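Since we're looking at a predicted model, the values are computed, not measured. Quick note on labels: first sequence line is chain A, next is B, and so on, each numbered from 1.
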There are 2 protein chains.
Amino acid sequence: MDLPSIKVACSSCNLRELCLPMGLKADEMQKLDTIVSNRKRIKRGEALFSAGERFSSLFAVRSGFFKTRVTTPDGRDQVTGFQMTGEIIGLDGIVTDQHTCDAVALEDAEVCIMPFAKLEALSREFTSLQHHVHKIMSREIVRDQGVMMMLGSMRAEERLAAFLLNLVQRLHARGFSQSELVLRMTREEIGSYLGLKLETVSRTFSKFVDDGIIEVKQRYVMIKDNEALKAIVNLPNCD
Amino acid sequence: MDLPSIKVACSSCNLRELCLPMGLKADEMQKLDTIVSNRKRIKRGEALFSAGERFSSLFAVRSGFFKTRVTTPDGRDQVTGFQMTGEIIGLDGIVTDQHTCDAVALEDAEVCIMPFAKLEALSREFTSLQHHVHKIMSREIVRDQGVMMMLGSMRAEERLAAFLLNLVQRLHARGFSQSELVLRMTREEIGSYLGLKLETVSRTFSKFVDDGIIEVKQRYVMIKDNEALKAIVNLPNCD
DNA sequence: CGGAACATTGAGAGGGATCAATGGACGTGG
DNA sequence: CCACGTCCATTGATCCCTCTCAATGTTCCG
């Protein structure tokens, strides 16, 4: 029924300006094609990988939307990120050869499989690819700094404002609207990511609506006043 | 007066089992010596680098203790980590060629300077070094996941318990006691890292003392009941 | 010895959590 | 097409953990 894998080529992929091959020359991209040879489909709600599983490949999101989450021994879990088209998942597995988080599809999705050993071999050949891999990992580290900032020193409204701005910005880079978006995750998942309870997320959405900053209809969000959102993030004490 | 740099060799460094050269063969380590040629001293309170500065090198902590922190436009800052001997600082700078955080010495310190371009060049030669660099970056990503977990879903007591356990574990790996430590950072810095105010940190310390779990005398901490600390981290609702 | 930086402790306030009830959206099957 | 159940979202009332403001104490160092 659903094929386990599909032949694919980075060099003809419409995400090549966004994804791993970004900035590579044509011949380098063709080399990359030889190792990024398979795709995999993941149904909504299914895991691309889970904590504890052996690591062997990185994955590039080709379509769909993922969350990554870590779980404590006592069962609490924390969403650590949301990944969309062109973003890379699986970097956590490199250090111990085991994944330390789960990656779950929030809608039917497709990923390109990039065997990491082959990626390492190829980046020994191409300085540009090597540097690009380093940048991808560094970008993740910088992103994490931002999340820590958010979790450690922002209030509920600031967190949600920052979250929405980050989402539309990334969606806009993918050709979507700057002011409208459809959330692919529940209030609870947003809350977990932001270190808030789902009720607080809901209440904060409602407050933004009352303030005329956004319109919300379930998962659909329209940003009516981008500047107001930005002001919320940057001005902690609006007194 | 204080020399800007000092000749050094990984192959004869007593940290080689802990630091970047970990696991390299003798000849590989000698190659590494050729690029890790300089050290730098940083006085307590001074910055090794600051956000916005151009990135060119990674740094290995040879002695001393650092904090890294990010700052928002409106002036709040968030401590994102504490780095001790053998740990690598500066990975945040790779993605944009600019540092995105400050690295500040919490006591007089010395670092080895590792020019990143040279490190990349050498990683193209040695698979082992290449893989090791990848692991270091991945380890940082996994560490960040843990911090997010802490900030997003733990209470004050759990955060402080997790923090103390993490510190002694890392110190123990460096030959120090499993049950005693001297904090190199203030309550405020601990609080920033844990997403708490300094008063809350202080109160939580006092509570642990009352409960007979630790002894505290200013920066000195003795862990009297390691199991109790572990229990606090893992059992959110002890009812 | 005196001052600055850091830490402790108390009292009170507030932001978000918790508990609880209601309502809406969606998919499935009758 | 409607009925039903499930999942998700909203909203209210109350609680409590942490923050805030404030005073005091301690250590360190010039």
What contact category does A:Arg219 fall into here, base, sugar-phosphate, or nothing, at under 4.0 angstrom with non-hydrogen atoms? sugar-phosphate
To the nearest Å, how far apart are A:Asp210 CG and D:dT10 P? 12 Å
Rounding to an integer number of Å, can you tell me how far B:Leu183 CG sits from C:dC6 C1'? 13 Å
Within this structure, what is the NZ-to-P distance between B:Lys207 and D:dT18, rounded to whole angstrom? 11 Å
Is the phosphate of D:dT11 approached by A:Ser202 (side-chain N or O, under 4.0 Å from OP1 or OP2)? no
Does one side chain, of B:Ser153 or A:Gln78, offer a donor that lies under 3.5 Å from an acceptor on the other? yes
About how many Å separate CZ of B:Phe176 and CG of B:Leu181, when rounded to the nearest 0.5 Å? 10.5 Å
Just call it for B:Thr186: base, sugar-phosphate, or nothing, with non-hydrogen atoms closer than 4.0 Å on any strand. sugar-phosphate
Using only side-chain N and O atoms of B:Arg187, determine if any of them is under 4.0 Å from OP1 or OP2 of C:dA7. yes
Rounded interatomic separation in angstrom, taking CG from B:Leu106 and C1' from C:dA5: 15 Å
For A:Thr204 and A:Glu157, run side chain to side chain donor-acceptor pair (under 3.5 Å): C-alpha distance rounded to whole Å, both residues' side-chain angles, the deciding distance at 0.1 Å, then the answer. CA-CA 6 Å; A:Thr204 309; A:Glu157 289 179 31; over 6 Å; no
Cation over ring face, B:Arg184 and B:Phe82, 6.0 Å, 45°: no
Over how many whole Å does the gap from A:Ile214 atom CD1 to D:dA9 atom C1' extend? 14 Å
Name the one of A:Met154, A:Glu158, A:Arg159 that satisfies side chain to side chain contact (heavy atoms under 4.5 Å, CB included) with A:Leu194? A:Arg159
How close or far is atom C1' of D:dA9 from atom CZ of A:Phe205, stated in whole angstroms? 11 Å
Taking NZ, NE, NH1 and NH2 as the nitrogens, is one of them in B:Glu87 or B:Arg174 under 4.0 Å from a carboxylate oxygen of the other? yes
For each nucleotide in nucleotides 11-27 of chain C, reading 5' to 3', give B when a protein heavy atom comes within less than 4.0 Å of its base, S when such contact involves only the sugar-phosphate, and - otherwise. B----SSBBB----S--
